[in-house]
*Asks:* 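Please read through the structure below; I'll follow up with questions.
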Amino acid sequence: MEAVDGAQPLVALRAVSKVYRTGDVEVRALRGVDLAVQPGELVSIMGTSGSGKSTLMNILGCLDKPTQGQYLLDGKDVSRLDRDALARVRNRTLGFVFQSFNLLARTTALENVELPLLYAGVKTKERHARAKDALQRVGLGDRLEHHPKQLSGGQQQRVAIARALVGRPRLILADEPTGNLDSRTSVEVMALFQQLQREGLTLIIVTHEPDIAAYTGRVVVVRDGRIVSDKRQPAQPAVPLPEEEEAVP
């Protein structure tokens, strides 16, 4: 839990537990989890179904609150904030990427990326400029007016990543971001994540795939609501396969 070289962790969980109760049934999803993530890290979280990794991700994303323990995000205790305050934290500090892309089918790539800014009340001109910049940042500057059905799976995930970036977050949380992609496209997405890390962004990725975790500099393994392994490693460079060697999905 100590800071590295005096730096304050961006994420700090301290003895975090989460208990769900349904009638007389009690499920302990997390059991005294301690975790610190420094600014600029690219971390993967792994675990089998029921391990607690999804609950951990929900707490990190301010979508749920700990039953016990403390969550410091960017130095601020968000453990006991109410729903509205948590929503403001999510809007200002976090970006989310999901396995299923969650794009609106009848809107363009640009409009999909603009949505978080629309909800935040950002004026049209600035909203448009920031969304265009985010799409250019992920290599889709020539796809602004395309609808999701006109884009490949990898391109749709890039739109989703641009949408996560448009709010200028400190932390990106990605839940199985390569789960619906073939092997070559998955590597392209991880190459983008590595680039974002080099630009200073912090990223936490939930994945069940060891080959995806190999592209991150740190692997956290969750089992039975506890962190059972937390290891740093040299991240494998994500170099996409040439088109002619594209892997079968």
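Quick note: numbers below take in every heavy atom, side chains included, and nothing from hydrogens, waters or symmetry partners. Residue numbers start at 1 and run along the sequence shown.
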*Asks:* Assess whether atom CZ of R80 is packed by more than 12 heavy atoms of other residues, nucleotides or ligands within 6.0 Å.
*Replies:* yes
*Asks:* For atom CZ of R198, decide whether the heavy atoms of other residues, nucleotides or ligands shown that lie under 6.0 angstrom number more than 12.
*Replies:*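 Yes, the 6.0 Å shell around CZ holds more than 12 heavy atoms from other groups.
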*Asks:* Tell me the closest heavy-atom pair linking G32 and S17, and the distance in Å.
*Replies:*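 Minimum heavy-atom separation between G32 and S17: N-OG, 2.9 Å.
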*Asks:* Grouping I, L, V, M, F, W and Y whenever their side-chain heavy atoms are under 4.5 Å apart, do L56 and L86 come out in a common cluster?
*Replies:* yes
*Asks:* Given side chains that start at C-beta, do those of F193 and I212 come closer than 4.5 Å, heavy atoms only?
*Replies:* no
*Asks:* For the atom pair NZ (K18) and CZ (R31), what is the distance rounded to the nearest 0.5 Å?
*Replies:*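 That separation rounds to 14.5 Å.
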*Asks:* Same cluster or not: are I59 and M46 linked, directly or through other Ile, Leu, Val, Met, Phe, Trp or Tyr residues, by side-chain heavy atoms under 4.5 angstrom apart?
*Replies:* no
*Asks:* Any non-hydrogen side-chain atom of L135 less than 4.5 Å from a side-chain atom of V159?
*Replies:* yes
*Asks:* Let me check something: do V219 and I205 share a hydrophobic cluster, defined by ILVMFWY side-chain heavy atoms less than 4.5 Å apart, either directly or through other members?
*Replies:* no
*Asks:* Going through the distances and angles, do V11 and V43 end up as a side-chain contact (heavy atoms from CB on, under 4.5 Å)?
*Replies:* CA-CA 12 Å; V11 166; V43 180; over 6 Å; no
*Asks:* Sort out for me which residue in L60, L81, V78, L13 forms a side-chain contact (heavy atoms from CB on, under 4.5 Å) with L73.
*Replies:* V78
*Asks:* So how far is it from N112 CG to R106 CZ, rounded to the nearest 0.5 Å?
*Replies:* 13.5 Å
*Asks:* Examine distances only and state if a side-chain atom of Q136 and a backbone atom of G141 form a donor-acceptor pair shorter than 3.5 Å.
*Replies:*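 No; zero donor-acceptor contacts below 3.5 Å.
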*Asks:* If we only count heavy atoms from C-beta on, is the F96 to L63 side-chain gap below 4.5 Å?
*Replies:* yes
*Asks:* Do R127 and T124 touch side chain to side chain, with heavy atoms closer than 4.5 Å?
*Replies:*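 A side-chain contact exists here, since the closest heavy-atom pair is under 4.5 Å.
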*Asks:* Quick one, C62 and L94 - any side-chain contact, counting heavy atoms below 4.5 Å?
*Replies:*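 Sidechains of L94 and C62: in contact.
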*Asks:* Which residues pass the side chain to side chain donor-acceptor pair (under 3.5 Å) test with T67, not counting sequence neighbours?
*Replies:*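 None.
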*Asks:* Run the side-chain contact (heavy atoms from CB on, under 4.5 Å) test on L196 and E199 for me, step by step, so that the C-alpha distance in whole Å, both residues' side-chain angles and the decisive distance to 0.1 Å come before the verdict.
*Replies:* CA-CA 5 Å; L196 294 174; E199 294 173 6; 3.8 Å; yes
*Asks:* Identify the heavy atoms of P148 and A105 that sit nearest to each other, and give their distance.
*Replies:* CD-O, 3.6 Å
*Asks:* For the residue pair R163 and P116, what are the closest heavy atoms and their distance?
*Replies:*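 In terms of heavy atoms, the two residues are closest at CG-CG, 3.6 Å.
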*Asks:* Is there side-chain contact between D230 and R218, with heavy atoms separated by less than 4.5 Å?
*Replies:*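 The answer is yes, as the side chains (C-beta and beyond) meet within the 4.5 Å cut-off.
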*Asks:* First locate atom CG of L72, then atom CD of Q8, and finally report the distance between them rounded to the nearest 0.5 Å.
*Replies:*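 One finds 8.0 Å between CG of L72 and CD of Q8.
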*Asks:* Checking V189 against I161 for the side-chain contact (heavy atoms from CB on, under 4.5 Å) test, could you report, in this order, the C-alpha distance in whole Å, the side-chain angles of both residues, the deciding distance, and whether it holds?
*Replies:* CA-CA 9 Å; V189 168; I161 294 169; 4.1 Å; yes
*Asks:* Do V37 and T202 come within less than 4.5 Å of each other through their side chains, counting heavy atoms only?
*Replies:*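 SC-SC contact between V37 and T202 confirmed.
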*Asks:* Taking a hydrophobic cluster as the set of Ile, Leu, Val, Met, Phe, Trp and Tyr residues connected by side-chain heavy atoms closer than 4.5 Å, whether directly or through intermediates, do L181 and L151 fall within one such cluster?
*Replies:* yes
*Asks:* Check whether any side-chain heavy atom of M57 sits under 4.5 Å from a side-chain heavy atom of L173, and report yes or no.
*Replies:*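 The answer is yes, as the side chains (C-beta and beyond) meet within the 4.5 Å cut-off.
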*Asks:* Assess whether atom CD of Q68 is packed by more than 12 heavy atoms of other residues, nucleotides or ligands within 6.0 Å.
*Replies:* no
*Asks:* What's the shortest heavy-atom distance between Q157 and V97, and which atoms?
*Replies:* OE1-CG1, 3.4 Å
*Asks:* Looking only at non-hydrogen atoms, find the nearest pair between Y215 and Q194 and report the distance.
*Replies:* O-NE2, 2.9 Å
*Asks:* Looking at E111, is its backbone amide N or carbonyl O close enough to the side chain of T108 to form a donor-acceptor pair, meaning the two atoms are under 3.5 Å apart?
*Replies:*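 Pair found, side chain donor or acceptor close to backbone of E111.
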*Asks:* Let me confirm one number: the CG-CD1 distance from D34 to I227, rounded to the nearest 0.5 Å.
*Replies:* 7.5 Å
*Asks:* Taking atom CG of D211 as the centre, does the number of heavy atoms from other residues, nucleotides or ligands within less than 6.0 Å exceed 12?
*Replies:* yes
*Asks:* What verdict does the side-chain contact (heavy atoms from CB on, under 4.5 Å) test give for M190 and Q236, after you've listed the backbone C-alpha separation in whole Å, the side-chain angles of each residue and the deciding distance to 0.1 Å?
*Replies:* CA-CA 10 Å; M190 292 308 299; Q236 178 180 325; over 6 Å; no
*Asks:* Please list all pairs meeting side chain to side chain donor-acceptor pair (under 3.5 Å) that have one or both residues in residues 42-58, counting only residues at least two apart or in different chains.
*Replies:* S44-T216
*Asks:* How far does CZ of R226 sit from CZ of R28, to the nearest 0.5 angstrom?
*Replies:*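 Going from CZ on R226 over to CZ on R28, the span is 9.5 Å.
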*Asks:* Going by side-chain heavy atoms closer than 4.5 Å, which hydrophobic residues are tied to V19, directly or by a chain of links?
*Replies:* none
*Asks:* Among T207, D175, N180, T178, find the residue that satisfies the side-chain hydrogen bond (donor to acceptor under 3.5 Å, both in side chains) test when tested with Q99.
*Replies:* N180
*Asks:* Closest approach of V113 and V166, non-hydrogen atoms and distance?
*Replies:*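 So the minimum-distance heavy-atom pair works out to O-CG1, 3.4 Å.
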*Asks:* Atom CG in D77, atom CD in Q70: separation rounded to 0.5 Å?
*Replies:*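 One finds 4.0 Å between CG of D77 and CD of Q70.
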*Asks:* Could you check whether atom NZ of K132 has more than 12 heavy atoms from other residues, nucleotides or ligands sitting under 6.0 Å from it?
*Replies:* no
*Asks:* Crowded around R223 CZ? As in, over 12 foreign heavy atoms under 6.0 Å?
*Replies:* no
*Asks:* Would I45 end up clustered with V228 when hydrophobic side chains under 4.5 Å apart are linked, directly or stepwise?
*Replies:*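 Different clusters.
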*Asks:* Ignoring hydrogens and geometry beyond distance, is a side-chain donor-acceptor pair present between R158 and Q155 at under 3.5 Å?
*Replies:*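 Q155 and R158 do not have a side-chain donor-acceptor pair below 3.5 Å.
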